[in-house]
Amino acid sequence: MRKLFCIILFSLKGILSIAQLFSPEEQLLLDSIVGVINDKSLADITRIEARIDFGERTMLLRVSYWDSIANDCSSLIKATSKSQINKELQSLFAHSLNNIGYVSKQTGDIDNAIKYYNKSLEIYYSINDSIGIATGLNNIGNVYNSFGEIAKTLEHYHQSLKIREKIGDKRGVANCFNNIGIVYHGQWDTLKALEYYTKSLKIREEIDDKKGIAQAYNNIGTIYDNYNDHKTSMEYYRKSLKINEEIGDQKGISLALVNIADLYRKQGDFAKSFEFYNKSLKLREDNGFTQLVAKTLTSLGRVYLEINKSNEALINAKRALSISQTLGFPEEIAYSAELMSNIYEKQGKGMEALEMYKLHITMRDSFNNENTQKVAVQQQAKYEYEKQKTIDDAEHEKQLAIEKEGKAKQKVITYSTALGLVLVVLFLIFIFNRLQITKKQKSIIEEQKQLVEQQKETVEEAHNLLEEKNAEIIASIHYAKRIQDSLLTSQKYIKRNLNRLKNQTN
């Protein structure tokens, strides 16, 4: 597996630094990714994901690599029925096109960069991928910023920012704040730039975004550098460099090295300045950061000029200008042309110096003038207005919702009260009815009770009369018996006489 990985790396010679070091953990991860890429038993979409992951982790800046992935995505989409094409595959296709745009920008092919960024953005819109849309808008903004087209730059940055704020993408919001800060910094509005850099840093610290924190430290360092607070500036640059080295961010390392070199140059320590510039230049050349190579060459040229080595300064300045003109970036052309004008002036070449100075002014004015500064303010005002309007609209909607909810609650209360009153009335009617029935029943019971009492009295009278009759009958019986007893011979007398006669017979 490691052998296969080495073969892949050597195939990138001239584009990816073979000397680029990976930690054992990173190397192990890359080995496993290569294993996935070569495992034909896995689904095509899985292997495509692995190829994208490998390319981004190794900073593979080659259009053909990403174009191959994009073609595979396209073929897979065509071979799949429309109803089965999933969002993930479309997203991978868009991601590959976006990376082609990025590599094209880095290598100076701006037309191709815009073309592929727009293709990518079109797909992201079609699948309603908010993060992809925001990323595409941001990348197009980066291209316009390189050309000094501030209006279009801020327009795209603010569109990206609104989407990221809406979906709660904190990392993306921090990135947008950083980019907007860079635009203001380029317009020399350092206070506004510092405001955005600080906002970006705060979010990145909240989400523990190491790469973003390092970037923010670096940018804040440049603000203090502008105010000639070199001590504070160096502290921020060193902190940025340390984090970038820890996470292996080659671009971030090269940027921190350049800024530290700039500080040493301003302090007159040219030996340290050359050391750090050359370290940065090598990293940028090895990793294909073409635009950044031009920046570093211009900086090296300035140092050579300051120590009166105009020939060496001119070599670096010419190379920087050539790269900048190939890329078509006005800002880099302006800086390198200004340096060449100073060099020619020092060498006594007045015409050449004037020619380069005119080129410097033309390019400088194209990206840094009163109109672009007004545009920056207008775009910011527009963003703040739209943001406040969104907040106001949200508050208005919230208030309407509260009022609607209040009305609904009031309606419920009204209906509940009315229903309660109806129930109370019904209950009262029921109670009244029950009382009437009870009263009627009580009247009947009273009548029945009186009847029973009357019947009882009649019975008692009959009973008393019967008892009187019985008493009279009994008295008559007793009287008759006494009469009978008085008329009839006593049984004892009869019995005695019978016994006497019986004895006489014997």
Side-chain angles (χ1 to χ4, degrees), residues 23 25-26 29 56-57 59 102 130-135 137-139 141-142 145 153-154 156-187 189-227 229-260 262-263 276 280 283 289 292 376 380 383-384 387-388 390-391:
S23 69
E25 294 79 9
E26 290 171 329
L29 178 59
E56 291 182 340
R57 288 180 183 277
M59 287 298 293
Y102 176 79
S130 296
I131 291 181
I133 293 170
T135 300
L137 290 169
N138 181 78
N139 289 341
N142 288 340
N145 191 37
T153 299
L154 286 176
H156 283 79
Y157 283 165
H158 283 142
Q159 286 179 9
S160 178
L161 176 59
K162 283 192 290 186
I163 293 172
R164 294 187 185 280
E165 287 178 330
K166 183 177 180 180
I167 64 177
D169 178 15
K170 289 189 175 182
R171 188 184 297 271
V173 170
N175 186 50
C176 288
F177 282 153
N178 178 75
N179 288 343
I180 294 171
I182 290 173
V183 174
Y184 281 110
H185 201 168
Q187 300 299 311
D189 190 344
T190 53
L191 291 179
K192 201 71 177 176
L194 182 59
E195 175 189 336
Y196 274 95
Y197 289 154
T198 304
K199 287 164 71 173
S200 176
L201 176 60
K202 183 179 179 181
I203 295 174
R204 285 165 165 174
E205 288 176 335
E206 286 177 3
I207 62 176
D208 195 29
D209 176 11
K210 299 294 185 184
K211 182 176 181 179
I213 293 170
Q215 186 182 50
Y217 282 156
N218 182 80
N219 290 340
I220 292 172
T222 61
I223 298 294
Y224 285 103
D225 192 358
N226 291 150
Y227 287 109
D229 186 350
H230 294 163
K231 181 180 179 182
T232 304
S233 181
M234 181 66 83
E235 289 174 359
Y236 275 103
Y237 290 155
R238 290 287 185 183
K239 288 196 293 185
S240 176
L241 178 61
K242 182 180 178 181
I243 295 174
N244 282 316
E245 288 176 337
E246 288 173 355
I247 63 177
D249 183 352
Q250 302 301 307
K251 192 172 183 178
I253 293 171
S254 73
L255 185 58
L257 289 172
V258 161
N259 288 334
I260 292 172
D262 281 340
L263 279 183
F276 280 89
S280 177
L283 275 178
F289 302 142
L292 297 179
Q380 177 62 25
Y383 165 71
E384 294 294 345
K387 182 176 180 180
Q388 188 59 48
T390 301
I391 294 172

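We number each residue from 1, following the sequence as shown.
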- Item | Side-chain heavy atoms of Leu263 within contact of Ser233, under 4.5 Å | yes
- Message: Do Tyr236 and Thr222 make a side-chain contact, defined as non-hydrogen atoms from C-beta onward lying under 4.5 Å apart?
- Response: no
- Item | Non-neighbouring partners of Lys166 that pass side-chain contact (heavy atoms from CB on, under 4.5 Å), sequence neighbours left out | none
- Item | Note, Glu206 side chain near Lys170 side chain (heavy atom, < 4.5 Å) | yes
- Message: Tell me if a side-chain donor or acceptor on Ser160 pairs with a main-chain N or O of His156 at a distance below 3.5 Å.
- Response: no
- Task: Would you tell me whether His185 and Tyr197 have side-chain atoms, one donor and one acceptor, within less than 3.5 Å of each other?
- Result: yes
- Would the number of heavy atoms belonging to other residues, nucleotides or ligands and lying under 6.0 Å from NZ of Lys239 be above 12? yes
- Message: Under a 4.0 Å threshold between the charged nitrogen and the carboxylate oxygen, would Glu195 count as salt-bridged to Lys192?
- Response: yes
- With a 4.5 Å heavy-atom cut-off, do Asn178 and Arg204 have their side chains touching? yes
- Query: side-chain contact (heavy atoms from CB on, under 4.5 Å) with Asp169: which residues, sequence neighbours excluded?
  - Reply: Arg164, Ile167, Arg171
- Note on the structure: What one should report as the nearest heavy-atom pair of Ser130 and Ile163 is O-CG2, 3.6 Å
- Please identify each residue that fulfils side-chain contact (heavy atoms from CB on, under 4.5 Å) with Ser240, with sequence neighbours left out. Ala214, Tyr217, Asn218, Asn244, Ala256
- Message: Regarding Thr190 and Tyr227, do their side chains bring together a donor and an acceptor under 3.5 Å, going by distance alone?
- Response: yes
- Message: Under a 3.5 Å threshold, yes or no: a donor from one side chain and an acceptor from the other, between Asn259 and Asp225?
- Response: no
- Task: Taking the side chain as every heavy atom from C-beta outward, state whether Lys211 and Ile213 have any atom pair closer than 4.5 Å.
- Result: no
